[in-house]
Amino acid sequence: TESRFLVLQRHAVLLTNAYALAELERNIMAKQPEHLAVHKKFTGTLELVSSHVIELDVRIAEKDRPILCGAVIGKADILLTGDKKDFGHLFGRMVCGIEIVTVKMLLARLVARGLVTEQ
């Protein structure tokens, strides 16, 4: 939602790649089309990194490699995903130097650090 995005944006540089944006838009259209306007509003504020796939030593579905590779290429500290099916086994773990977390996990951390008051 818009408020969660704004909270995250205040505390981090948010990056993505074209592959991840396309996947997100497909998921929004399939599950919550009413959120498409918010998605479109914030897309332009994200730092865009390459969708190039690089060699990684991690067990992950081929279709999700561009997502993780984008985080690696962008030198991200955290990969934020709600994809429990494909990334769930990696939640809370460090993979290629990047911590894989859900929005809920990250917001809880920000609340615990006193950086935000909402969850």
Side-chain angles (χ1 to χ4, degrees):
T1 65
E2 186 170 355
S3 65
R4 284 184 172 181
F5 184 87
L6 291 172
V7 166
L8 295 175
Q9 197 171 41
R10 282 197 311 264
H11 298 283
V13 173
L14 304 179
L15 58 90
T16 191
N17 61 28
Y19 182 90
L21 281 175
E23 182 175 310
L24 177 60
E25 192 165 310
R26 276 192 312 276
N27 288 333
I28 289 171
M29 289 304 296
K31 298 174 185 174
Q32 297 177 313
E34 67 277 10
H35 292 291
L36 187 60
V38 172
H39 164 70
K40 294 282 188 187
K41 178 179 177 180
F42 292 110
T43 297
T45 68
L46 302 173
E47 182 179 321
L48 212 56
V49 298
S50 172
S51 294
H52 184 72
V53 176
I54 58 176
E55 193 65 35
L56 299 174
D57 187 27
V58 63
R59 183 179 55 94
I60 191 166
E62 250 345 275
K63 70 176 188 62
D64 293 312
R65 284 196 172 279
I67 304 290
L68 182 55
C69 289
V72 171
I73 289 167
K75 297 183 170 112
D77 298 314
I78 294 172
L79 173 66
L80 192 61
T81 180
D83 186 347
K84 294 175 187 155
K85 179 183 170 218
D86 294 311
F87 283 94
H89 68 288
L90 301 173
F91 287 167
R93 292 184 44 208
M94 295 295 287
V95 177
C96 303
I98 301 166
E99 186 178 12
I100 313 296
V101 299
T102 65
V103 170
K104 186 175 182 176
M105 291 167 73
L106 183 56
L107 287 174
R109 182 177 303 160
L110 294 173
V111 168
R113 291 181 181 169
L115 296 172
V116 297
T117 56
E118 59 186 85
Q119 233 185 12

Taking only residues at least two apart or on different chains, which pairs with a member in residues 89-101 satisfy side-chain hydrogen bond (donor to acceptor under 3.5 Å, both in side chains)? E99-R109
State, to 0.1 Å, how close S51 and A18 come at their nearest heavy-atom pair, and which atoms those are. OG-N, 3.4 Å
Cluster companions of L36 among Ile, Leu, Val, Met, Phe, Trp, Tyr (side-chain spacing under 4.5 Å): L24, I28, M29
Check: residues 56-64 side-chain donor-acceptor pairs under 3.5 Å, at least two apart:
{"from": "E62", "atom 1": "OE2", "to": "R65", "atom 2": "NE", "distance (Å)": "3.3"}
{"from": "K63", "atom 1": "NZ", "to": "D86", "atom 2": "OD2", "distance (Å)": "2.6"}

Hey, does T102 have a side-chain heavy atom less than 4.5 Å from the side chain of L80? no
Closest approach of V53 and P66, non-hydrogen atoms and distance? CG2-CG, 3.8 Å
Can you measure from CG (L79) to CG (L68) and round to the nearest 0.5 angstrom? 6.5 Å
To the closest 0.5 Å, what do you measure between CE (M105) and OG1 (T81)? 11.0 Å
Do L110 and L107 make a side-chain contact, defined as non-hydrogen atoms from C-beta onward lying under 4.5 Å apart? yes
Side chains of residues 42-50: which donor-acceptor pairs under 3.5 Å do they make with residues two or more places apart or in other chains?
{"from": "T43", "atom 1": "OG1", "to": "H39", "atom 2": "O", "distance (Å)": "2.7"}
{"from": "T45", "atom 1": "OG1", "to": "Q9", "atom 2": "NE2", "distance (Å)": "2.9"}
{"from": "T45", "atom 1": "OG1", "to": "F42", "atom 2": "O", "distance (Å)": "2.7"}
{"from": "S50", "atom 1": "OG", "to": "H52", "atom 2": "N", "distance (Å)": "2.9"}

Side chain to side chain, I54 and I73, heavy atoms closer than 4.5 Å: yes
Quick check: is V72 connected to L15 through a chain of hydrophobic side chains (ILVMFWY, heavy atoms under 4.5 Å apart)? no
First locate atom CD1 of I100, then atom CZ of F91, and finally report the distance between them rounded to the nearest 0.5 Å. 8.5 Å
Pairs meeting criterion side-chain hydrogen bond (donor to acceptor under 3.5 Å, both in side chains) with involvement of residues 15-24, two or more places apart: none
When clusters are formed from ILVMFWY side-chain contacts under 4.5 Å, directly or step by step, what else is grouped with V13? none
